[in-house]
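Input: a single structure, listed below in structure tokens.
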There are 2 protein chains.
Amino acid sequence: MNIVKDKRPTINDVARISGVSKRTVSRVINGAANVGEATRKKIEAVIQELNFSPDKQARGLAASRSFLLGLIYDNPDALYIDQVQRGVLDICSAKGYELVVHPCTYKSDDFINNCIKFVKRSNIDGVVILPPVSESRELATSFQENHIKYVRIASLDLDDHANIVVSDDRAALSDLARYIVSLGHQNIAIISGPKSYFSSKERLEGFCDTLKQLGKKVPEERIIEGKNTYESGIDCARQLLIQTPRPQFIFANNDEMAAGVLKVAHELGILVPEQLSIAGFDDNLLASRIIPSLTTIQRPVSAMASLAATKIIAMIEGNEYNVEEQYLVKPHLIIRESTRKIDK
Amino acid sequence: MNIVKDKRPTINDVARISGVSKRTVSRVINGAANVGEATRKKIEAVIQELNFSPDKQARGLAASRSFLLGLIYDNPDALYIDQVQRGVLDICSAKGYELVVHPCTYKSDDFINNCIKFVKRSNIDGVVILPPVSESRELATSFQENHIKYVRIASLDLDDHANIVVSDDRAALSDLARYIVSLGHQNIAIISGPKSYFSSKERLEGFCDTLKQLGKKVPEERIIEGKNTYESGIDCARQLLIQTPRPQFIFANNDEMAAGVLKVAHELGILVPEQLSIAGFDDNLLASRIIPSLTTIQRPVSAMASLAATKIIAMIEGNEYNVEEQYLVKPHLIIRESTRKIDK
DNA sequence: TTGTAAGCGTTATCAT
DNA sequence: ATGATAACGCTTACAA
């Protein structure tokens with residue numbers, strides 16, 4: 001059906017064959033209103049016949065648009081990244097955009113410039129920024145200064161609602177606290193995420209604040225700062241599980257670390273959940289596969305990503321209808337085998 | 001309007017400030033040989049100072065290139081995808097390319113056309129294709145017909161060596177067979193991958209052939225076709241573990257399914273590895289986290305991806321030096337806790 | 001070794 | 001409603 005021609009037809013071919021100027025063809029392509037009905041029909045027919053479609057690069061060069069969206073992240077969690085990509089792509093392909101991925105290194109002090117250049121080089125129309133990079137005030141500021149459109153995904157409401165999608169980690173951790181107290185646990189311990197991340201802070205405070213309201217206080221020495229890695233979970237669990245009295249419940253800032261706790265418990269012969277309850281955060285692939293399966297908190301990652309994509313495209317196309325108003329989602333508790341009521 | 005730094009610098013700015021023509025700057029950008037040493041230094045300095053990087057669209061429009069690489073896949077394994085992306089990106093960013101991701105649906109019969117359109121729409125310079133889509137003869141043929149450059153990543157040598165990176169799954173499974181026999185296992189069972197995938201066939205045959213050479217034959221009813229998912233692993237394990245005599249060893253075509261086997265064994269009170277040994281394939285994140293940790297086979301995914309990227313860029317840039325010769329990598333066995341010698 | 005100038009396929013600014 | 005013509009930022013014959 002499709003005959004491969006030597007050269008792709010250009011707007012000039014369409015113009016010549018239609019007997020009009022290319023400016024008029026351009027009008028038709030872009031759906032401008034002021035084109036005669038007869039002319040439009042004629043041109044559309046020729047476009048059909050030639051199987052013409054405008055060249056994206058030329059279009060981009062002339063109009064400063066690329067129909068490219070960027071995804072910026074410095075996150076080792078492959079599962080999270082993958083979910084985000086799919087969520088964004090669902091929207092992208094429906095709207096005629098493509099997704100360009102850009103992992104970066106948050107710690108490198110070149111990283112802001114690196115991101116800016118990434119966007120400028122390819123004339124990326126807008127970017128979605130993932131945590132923890134999304135927490136960078138400097139990056140957001142630089143994007144604003146460079147007139148780069150962005151939407152951040154984060155755990156804290158730290159930008160205009162048009163520019164952010166927030167998961168209310170604090171509220172979710174509050175739920176977890178109530179659940180744990182309802183199970184009767186007394187000796188509660190926490191492996192937090194890196195304190196420099198807002199998300200860690202939100203989760204920690206959401207948990208501790210509600211605990212305090214319910215009359216339970218977590219002492220300092222029962223809160224250890226982890227690095228969100230499996231190995232770090234193991235280290236922290238070792239420190240926690242030798243304390244007397246031994247913790248009855250441990251919350252780990254993510255599932256990776258929770259898996260580390262499980263590992264240490266197993267090594268020490270501590271039964272989960274009989275002698276120790278554990279909860280994580282993410283609802284990682286791991287969470288449902290591991291034995292015992294992990295009580296955890298699930299963010300609607302894919303939905304957040306789709307929302308972010310919708311918002312960024314709305315910004316790009318100037319249709320900022322009521323998209324600003326939607327920005328907050330609440331993660332929810334998933335109860336599995338790793339938590340249970342205190343026997344006694 | 002003249003001295004305003006609002007706009008990003010162009011090749012003209014670099015030329016003007018360096019006091020040369022833009023043709024010379026272009027030479028420097030593209031690493032041409034015939035540029036005076038002093039001139040080059042001067043220009044490079046200015047490029048640095050201006051933080052200049054050439055506009056991809058303009059470059060593409062002029063040179064009929066986009067500096068965009070595509071990644072085509074229909075693979076639910078997020079960890080695999082993520083590793084591939086990072087492997088490809090390592091090379092990409094070093095060579096000035098960006099990566100556009102394109103998940104697709106292998107089963108949909110529009111998928112070939114969908115992929116072609118994806119490439120043409122954005123003038124993608126070349127694509128890397130992941131298994132199982134990479135096994136599609138039709139897709140490869142269509143790409144050839146449309147003069148689209150591609151490199152496939154696969155488990156079987158099914159294309160010109162210039163167009164493929166192959167992991168020798170067969171050889172790796174042969175190693176596993178020898179290892180298992182050395183442990184003294186008699187009753188061996190297999191959960192294969194979908195039979196329609198070449199990779200499943202390679203692994204199955206590599207395993208069975210070597211087993212046969214060593215005097216062990218796996219009977220028909222001990223080979224079950226799984227779907228490479230956790231749930232499918234559970235289903236197949238149930239069928240296998242009620243057989244008499246009960247299998248002493250189960251090979252699962254991937255770690256996801258092996259995790260399912262572990263789950264069922266746990267439910268049935270079968271001790272792993274005391275009463276049942278299990279091995280998987282992939283060296284998934286899961287493999288090292290799960291308890292007991294999983295004996296499995298690791299492909300050098302990231303290295304394969306980098307090699308694929310190197311090859312596709314060589315094709316694009318016409319530097320097909322000896323890159324054709326490198327195409328085969330061998331996965332290797334990782335022995336963990338889930339396999340052990342037969343007691344008795 | 002370096003420069004001039006003509007594109008590449010669009011969109012945007014003016015006219016008419 | 002339509003059309004010349006100039007950008008857009010770069011590469012590349014062709015000179016010098």
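Throughout, a chain's letter reflects where its sequence line sits, starting with A, and its residues are numbered from 1. Every value quoted in this text rests on a predicted model; they were computed, and no experiment measured them.
- At D:dT2, one or more side-chain N or O atoms of A:Thr39 fall inside 4.0 Å of OP1 or OP2 (strictly under the cut-off).
- Distance, B:Asp125 CG to D:dT11 P: 13 Å, rounded to whole Å.
- Each of D:dG3, D:dT12, C:dT10 was ranked by its minimum atom distance to the side chain of A:Thr24; first place goes to D:dG3.
- Ion pairing of B:Asp55 with B:Arg8 is present here, as a side-chain N (NZ or NE/NH1/NH2) and a carboxylate O approach within less than 4.0 Å.
- When the side-chain nitrogen and oxygen atoms of B:Asn30 are compared with OP1 and OP2 of D:dT11, one or more of them lie within a distance under 4.0 Å.
- Position along DNA chain C of the nearest nucleotide to A:Arg27 versus B:Glu37 favours B:Glu37 as the more 5'-ward residue.
- For residues 106-116 of chain A, the set of pairs meeting the salt bridge (Lys or Arg N to Asp or Glu O under 4.0 Å) definition, not counting sequence neighbours, is empty.
- With rounding to whole Å, A:Leu50 atom CG is found 15 Å from C:dG9 atom C1'.
- In terms of position on DNA chain D, the residue among B:Ala58 and B:Arg23 whose nearest nucleotide sits closer to the 5' end is B:Ala58.
- When each of D:dG3, D:dC10, C:dG9 is scored by its nearest atom to the side-chain atoms of A:Val20, the top-ranked nucleotide is D:dG3.
- With salt bridges taken as basic N to acidic carboxylate O contacts below 4.0 Å, one links B:Lys56 and B:Glu98.
- Side-chain proximity of B:Leu61 to the nucleotides D:dG9, D:dC10, C:dT10 is greatest for D:dG9.
- Separating the NZ atom of A:Lys120 from the C1' atom of D:dC10 is a distance of 18 Å, rounded to the nearest angstrom.
- Put simply, the side chain of A:Arg152 gets close to the backbone of A:Ser134: a donor and an acceptor are under 3.5 Å apart.
- For B:Ser21, whose side chain is taken as the heavy atoms from C-beta onward, the closest listed nucleotide among D:dA4, C:dT4, C:dT1 is C:dT4.
- Atom pair B:Ile43:CD1 and C:dT1:C1' shows a separation of 11 Å (rounding to whole Å applied).
- C:dT1 atom P lies 15 Å from atom NZ of B:Lys41, rounded to whole Å.
- A donor-acceptor contact under 3.5 angstrom links the side-chain atoms of A:Lys22 to the base of C:dT10.
- Note: CZ (A:Arg16) to P (D:dG3) measures 15 Å, nearest angstrom.
- A residue-by-residue look at B:Arg40 and A:Ala63 shows that B:Arg40 has its nearest nucleotide of DNA chain C further toward the 5' end.
- OP1 or OP2 of D:dG9 has not a single side-chain nitrogen or oxygen of B:Arg59 nearer than 4.0 Å.
- Place B:Phe52 and A:Asn34 on DNA chain D by their nearest nucleotides, and A:Asn34 ends up nearer the 5' end.
- Rounded to an integer number of Å, the gap from CZ of B:Arg8 to C1' of D:dC10 is 11 Å.
- Contact detail for B:Ile153 and B:Met304: the closest heavy-atom pair is CG2-CE, 3.7 Å.
- Nearest nucleotide to the B:Asp55 side chain, out of C:dG9, C:dG3, D:dC10: D:dC10.
- The shortest heavy-atom contact between B:Arg86 and A:Pro103 is NH1-CB, 4.3 Å.
- If you measure from atom CD1 of A:Ile29 to atom P of D:dT2, you get 15 Å, rounded to the nearest angstrom.
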